[in-house]
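Count residues from 1 along the sequence. One-based numbering, in listed order, for ligands and for the atoms of each.
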Amino acid sequence: MTLLKYWFIVAVLAGYAGMAQGQQTTPWNNKQCAVVLTYDDAIDVDIDNVLPALDSLNFKGTFYIIGSSPVVAKRISSWRKAAAHGHELGNHSLFHPCDGSLPGRGFVTAENDLSKYTVARAVNEIRANNTLLQAIDGKTNRTFAYPCGDLQVGGQYFYNQLKNDFAGARGVIPGFESVNDTNLDNIKCFMINGQSAQYMIGLVKQAMQSHTLLVFLFHGVGGGHNINVGLKEHSSLLHYLKKNESTIWVAPMVDVAQYIRKNQPAAVKK
Ligand SMILES: [Zn+2]
């Protein structure tokens, strides 16, 4: 056997061994990594700035909708059109309650204070928001995003009662996750507030190198929210993703969550 043949066989066997351990180099829908673009709080710029930017490059994003947002009431047909084009309308609860008992939560109003809720009220309002979203987009499958990243009411994890209502739930903790490691009850993400395109593209490169999931959490894009990313910075990120589309899987959270659920070993599934 020539040395070249020997090395070829070794390389093939090493490849099989890696795959057997779930270490494929292209684990994300046959691409190197997955990138999910999420936009929170149902604001006007989602429709005015984000959707035209995504649609121009044929990317699909996830919009986490607060059912009581006036932008839902005023622009139902725009949200419906976005969903018909393949964007996800995710659930960000009916009233966006956050835990007002935590430090730095002076912005939480008495009526939207999650620390004054019961678990049943939190769960019922989130289910009512699902009904509203289904009335808009006709879909029964979507993901949830925790308002303010708050997981508990009175020390109880309220999402435990909602696991069968959603494909997954996005949190606010930063990090990259492999298919096997992703906790679908609290999916990690990077919240963007004023960072440059270079920073965001750097995150994408890290995801490509580590074969992991990268979730972006945006609020305002070119204004519209006190947490914001510049329009040009956002556009540069999208164009980088487009340029590398052959190796990056860009998809709505619901598609990626369903993919993870299908491909995780049974023992990891929560
Ligand atoms: Zn929010």
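- Among the heteroatoms counted here (N, O or S) of Asp41, OD1 is the one nearest to the Zn ion (ligand 1).
- Among the atoms of His96, an N, O or S atom falls under 2.8 Å of the Zn ion (ligand 1).
- Residue Ser68 holds its OG atom at 9.5 Å from CG of Leu132, rounded to the nearest 0.5 Å.
- Using a cut-off of 2.8 Å, one finds that His92 contributes an N/O/S atom close to the Zn ion (ligand 1).
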Task: Residue pair Ile227, Asp40: steps toward the side-chain contact (heavy atoms from CB on, under 4.5 Å) verdict - done: CA-CA 10 Å; Ile227 302 170; Asp40 284 20; over 6 Å; no
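- Between Phe218 and His234, the two ring planes are perpendicular [angle over 60°; tilted spans 30° to 60°].
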- [ ] Take Asp41 and His92, measure what side-chain hydrogen bond (donor to acceptor under 3.5 Å, both in side chains) needs, and give me the verdict at the end.
- [x] CA-CA 7 Å; Asp41 293 357; His92 203 31; 3.1 Å; yes
